[in-house]
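There's a structure below that I have some questions on.
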Amino acid sequence: AMLDPDSGLSLTIARIVQRLKGSSLHSQLERQARVSLHKPEIKLESLKEDIKDFLKTSGWEKKLQNAVYSQLNVFPWPCHPAAPPEHMKEPLAYMRKAQGSWEKRILKSLNSMCTELSIPLAQKRPASEQKELLNKWNEMGTDEPDLSLFRPVYAPKDFLEVLMNLRNPNYENGDQPSFRNHLGLIQVPLKVKDIPELKEDFTELGLNIGQLGIDDSAQVPPEFFENEHVRVGQKVLAEQDSAAAQQYVRQGCPTALRADLWALILNISNQPEDILYYEQLKSNVIQHDLLVDSLIYKDVKLTASNDDYYFVFEDYLYQVLLCFSRDTSVLEHFTYSSATPPKSYIRGKLGMEEYAVFYPPNGVIPFHGFSMYVAPLCFLYHEPSKLYQIFREMYVRFFFRLHSISSHPSGIVSLCLLFETLLQTHLPQLFYHLREIGAQPLRISFKWMVRAFSGYLATDQLLLLWDRILGYNSLEILAVLAAAVFAFRAVNLMEVTSLAAAEAVLADLSTLKVMPLLQIFLFATVT
């Protein structure tokens with residue numbers, strides 16, 4: 001139920017005011033306004049206007065604009081006032097139900113691991129262990145605890161099985177007319193975009209527009225575009241305007257400016273209070289031992305530590321992910337996520353709400369490959385608290401959508417459907433061939449999308465892809481790229497006769513160039 005724009009707008013404004021009231025920005029603005037009262041240019045008779053002018057010229061108005069813009073990017077447009085709060089989480093009841101039963105499965109897996117290994121979910125570390133952890137905080141990777149008994153709570157392929165079994169109960173036995181001809185693994189009728197709509201959404205990726213990541217654009221000599229683009233990028237940074245930065249990165253970020261531009265888009269400034277907050281999370285890690293710590297440890301060992309690009313960042317990954325699991329501010333994103341944070345009860349008090357705690361404290365149980373969301377960011381940020389905040393913001397804006405069941409256009413269900421629809425529509429021969437030999441394309445591409453391609457593409461290419469995720473505030477580009485990869489390897493794929501052979505053709509994506517693939521697929525495919 002959408003609102004008419006006016007009441008929707010006033011509700012949005014009210015909610016943003018509410019959310020910014022408690023923020024440190026609010027108290028800083030008040031402090032600045034008080035300080036300004038002592039300035040000669042502030043006159044009593046025009047007090048309000050003078051203070052406004054002062055906040056404008058001193059750069060505080062820009063900070064407020066960025067905070068508002070950031071809220072608009074993260075929070076959905078408000079539902080109708082009469083709509084129940086769970087509609088903000090996920091409007092479709094069957095999706096909410098499926099997410100709920102998936103969560104039960106994950107918890108069951110976690111709890112049975114606790115029981116099997118007779119390890120509590122959480123315990124205080126003895127003083128000696130606390131001291132030891134503090135001393136080796138920057139080299140946790142040197143530790144080799146025996147984690148052979150720990151297993152990931154789930155892997156992407158387990159999650160894919162769940163998505164393949166999703167059905168809309170209103171359409172028993174597939175009688176919705178438009179959808180009957182969808183022959184992919186995803187069998188729910190969600191609306192996804194076609195190529196003409198995607199072209200319109202991603203205009204800035206067009207063939208005649210300068211792009212970073214395209215070496216031989218016929219229109220503009222690349223070095224001419226690059227020099228000009230760098231100059232504009234520096235100007236955008238000097239202006240400190242999040243919205244302008246978001247528009248700018250749609251054409252890619254110059255390597256030297258990327259870290260600052262992403263921080264500006266995500267509105268992360270790493271203030272003293274942010275650094276203090278990070279230190280508090282760290283001391284929480286030092287004091288308490290959680291079962292998820294071992295899962296995080298094992299995940300890093302299984303993924304990033306074996307990766308040619310990322311193994312050097314192993315210690316950063318432990319720091320960020322251990323702190324993340326303790327961060328209760330992450331719970332806020334559950335107001336607009338279809339997921340619900342898992343609860344655990346103090347021993348002997350099962351089911352008694354006053355003894356319930358969220359577990360882990362941030363409400364997010366890591367799965368196999370989770371650490372790959374952090375790894376690429378380590379190339380850009382070397383200061384732990386800044387790296388941490390950037391990751392947390394990327395997670396609550398984007399990554400959570402890749403492992404929860406929802407009907408959101410950037411949610412993994414929609415991405416799978418978009419990927420399958422693009423292939424079935426534009427590469428029907430390839431699609432039918434792979435389907436016939438039991439190599440459904442989604443079985444291969446699912447893991448790429450769940451990880452936002454991290455660990456599959458070369459890092460410089462991955463960062464160019466993530467530029468566009470930030471620029472368009474959308475994950476749809478992941479599905480487009482996945483389809484473009486199949487299109488690019490179509491000739492070889494037409495010759496394979498098994499899933500294993502198809503997987504072999506697509507096993508190594510590290511030589512792919514993201515931008516030309518996306519451009520050719522979107523703008524040179526005959527529609």
Side-chain angles (χ1 to χ4, degrees), residues 95 98-99 102 154-168 174 178-195 198 367-369 372 399 401-457 465 475-490 492-494 496-509 512 517-518 521 525:
M95 290 274 185
Q99 174 63 26
W102 169 236
Y154 67 96
K157 60 173 186 298
D158 308 314
F159 188 39
L160 176 58
E161 294 299 323
V162 173
L163 302 188
M164 283 162 50
N165 290 313
L166 272 178
R167 296 289 180 277
N168 180 340
S178 63
F179 201 71
R180 199 179 299 132
N181 52 11
H182 181 78
L183 299 172
L185 297 174
I186 299 295
Q187 290 296 316
V188 288
L190 296 175
K191 181 163 167 21
V192 293
K193 294 173 181 157
D194 56 19
I195 285 194
L198 290 165
F367 57 89
H368 178 56
M372 296 306 277
F399 299 145
R401 298 200 184 277
L402 296 173
H403 61 96
S404 49
I405 301 173
S406 81
S407 58
H408 191 281
S410 276
I412 190 68
V413 184
S414 296
L415 299 185
C416 291
L417 194 54
L418 175 57
F419 164 75
E420 292 192 321
T421 310
L422 287 171
L423 277 192
Q424 190 179 334
T425 313
H426 299 286
L427 295 157
Q429 273 177 299
L430 176 64
F431 185 82
Y432 293 118
H433 168 65
L434 292 173
R435 193 171 168 262
E436 286 309 295
I437 61 164
Q440 277 275 20
L442 185 60
R443 289 202 181 275
I444 300 170
S445 67
F446 185 72
K447 56 186 181 295
W448 306 339
M449 294 192 288
V450 169
R451 280 199 195 173
F453 280 91
S454 175
Y456 296 106
L457 296 170
L465 176 66
L475 292 162
E476 288 162 304
I477 202 155
L478 298 175
V480 180
L481 179 60
V485 171
F486 274 76
F488 181 65
R489 298 263 165 95
N492 306 62
L493 288 169
M494 283 306 287
V496 300
T497 52
S498 68
L499 175 60
E503 280 179 326
V505 169
L506 295 164
D508 180 12
L509 309 186
L512 295 182
L517 280 187
L518 284 169
F521 186 75
T525 301

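Quick note: numbers below take in every heavy atom, side chains included, and nothing from hydrogens, waters or symmetry partners.
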| said: Taking V505's backbone N and O only, do any of them form a donor-acceptor pair with R489's side chain (distance below 3.5 Å, no angle check)? | reply: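 Yes: the side chain of R489 pairs with the backbone of V505.
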| task | Using the side-chain contact (heavy atoms from CB on, under 4.5 Å) rule, take L434 and I444 through it: C-alpha gap first, then chi angles, then the decisive distance, then the call. | result | CA-CA 11 Å; L434 292 173; I444 300 170; 5.9 Å; no
| task | State, yes or no, whether a side-chain contact exists between H368 and K447 at a heavy-atom distance under 4.5 Å. | result |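 Counting from C-beta outward, H368 and K447 never come under 4.5 Å.
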| task | Please list, chain by chain and in numerical order, all residues satisfying ring-ring contact (aromatic ring centres under 6.0 Å, His included) with F453, sequence neighbours excluded. | result | W448
| field | Exercise: identify the closest heavy-atom pair between I186 and V413 | value |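 Where I186 meets V413 most closely, the heavy atoms are CG2-CG1, 4.2 Å.
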| Under 3.5 Å, side chain of Q424 to main-chain N/O of F431, donor-acceptor pair present? | no
| Qualifying residues under ring-ring contact (aromatic ring centres under 6.0 Å, His included), relative to F488, sequence neighbours excluded |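 For F488, no residue satisfies ring-ring contact (aromatic ring centres under 6.0 Å, His included) once neighbours in sequence are set aside.
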| said: Keeping Q99 on the side-chain end and S404 on the backbone end, is there a donor-acceptor pair under 3.5 Å? | reply: no
| query | Is any side-chain heavy atom of L506 less than 4.5 Å from a side-chain heavy atom of L493? | reply | yes
| query | Where is the tightest heavy-atom contact between L509 and V485, given as atom of each residue plus distance? | reply |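 Taking L509 first and V485 second, the nearest heavy atoms are CD2-CG1, 4.0 Å.
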| said: As an exercise, state the distance from CD of Q440 to CG of L499, rounded to the nearest 0.5 Å. | reply: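 Q440 atom CD to L499 atom CG measures 10.0 Å (nearest 0.5 Å).
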| query | Roughly how far, to the nearest 0.5 Å, is the CG atom of L198 from the CD atom of E476? | reply | 6.5 Å
| Minimum heavy-atom distance between A484 and L517, given as atom pair plus value | CB-O, 3.7 Å
| message | Taking the side chain as everything from C-beta on, heavy atoms only, tell me whether L185 gets closer than 4.5 Å to C416. | response | no
| Run the side-chain contact (heavy atoms from CB on, under 4.5 Å) check on T425 and D194 step by step: do they pass? | CA-CA 9 Å; T425 313; D194 56 19; over 6 Å; no
| request: May I ask you to decide if the ring planes of H403 and F367 are parallel, tilted or perpendicular, using 30° and 60° as cut-offs? | output: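 Rings of H403 and F367: tilted, as their planes differ by 30° to 60°.
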| Step by step, would you call L481 with F521 a side-chain contact (heavy atoms from CB on, under 4.5 Å)? | CA-CA 8 Å; L481 179 60; F521 186 75; over 6 Å; no
| For L415 and P409, which heavy atoms make the closest approach, and how far apart are they? |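 For L415 versus P409, the nearest heavy atoms are CD2-O, 3.8 Å.
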| field | Interatomic spacing from CE in M449 to CG in L442 - rounded to 0.5 Å | value | 5.0 Å
| Shortest non-hydrogen contact from M494 toward L430 | SD-CA, 3.6 Å
| said: So, taking the atom named NE2 in H426 and the one named OG1 in T421, what distance separates them when rounded to the nearest 0.5 Å? | reply: 9.5 Å
| query | Should L166 and Q187 be marked as a side-chain contact (heavy atoms from CB on, under 4.5 Å) after you check the CA-CA gap, both sets of side-chain angles, and the distance that decides it? | reply | CA-CA 7 Å; L166 272 178; Q187 290 296 316; over 6 Å; no
| request: Please identify each residue that fulfils ring-ring contact (aromatic ring centres under 6.0 Å, His included) with F399, with sequence neighbours left out. | output: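 Partners of F399 by the ring-ring contact (aromatic ring centres under 6.0 Å, His included) criterion, ordered by chain and then number, come out as Y373, W466.
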| query | At what distance, to the nearest 0.5 angstrom, does CG of L418 lie from CG of L478? | reply | 10.0 Å
| query | After noting the C-alpha distance and the side-chain angles of F486 and F419, does the key distance pass the ring-ring contact (aromatic ring centres under 6.0 Å, His included) rule? | reply | CA-CA 10 Å; F486 274 76; F419 164 75; 5.4 Å; yes
| query | Which atoms form the tightest heavy-atom contact between I437 and S498, and what is the distance? | reply | CD1-N, 3.5 Å
| task | Answer whether the closest heavy-atom distance between the side chains of Y432 and L183 falls below 4.5 Å. | result |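 Answer yes - side chains close enough.
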| Within a reach of under 6.0 Å around CD of E161, are more than 12 heavy atoms found that belong to other residues, nucleotides or ligands? |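 More than 12 within 6.0 Å, yes.
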| From OG (S414) to CG (L190), nearest 0.5 Å |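 Between S414 OG and L190 CG, I get 4.5 Å after rounding to 0.5 Å.
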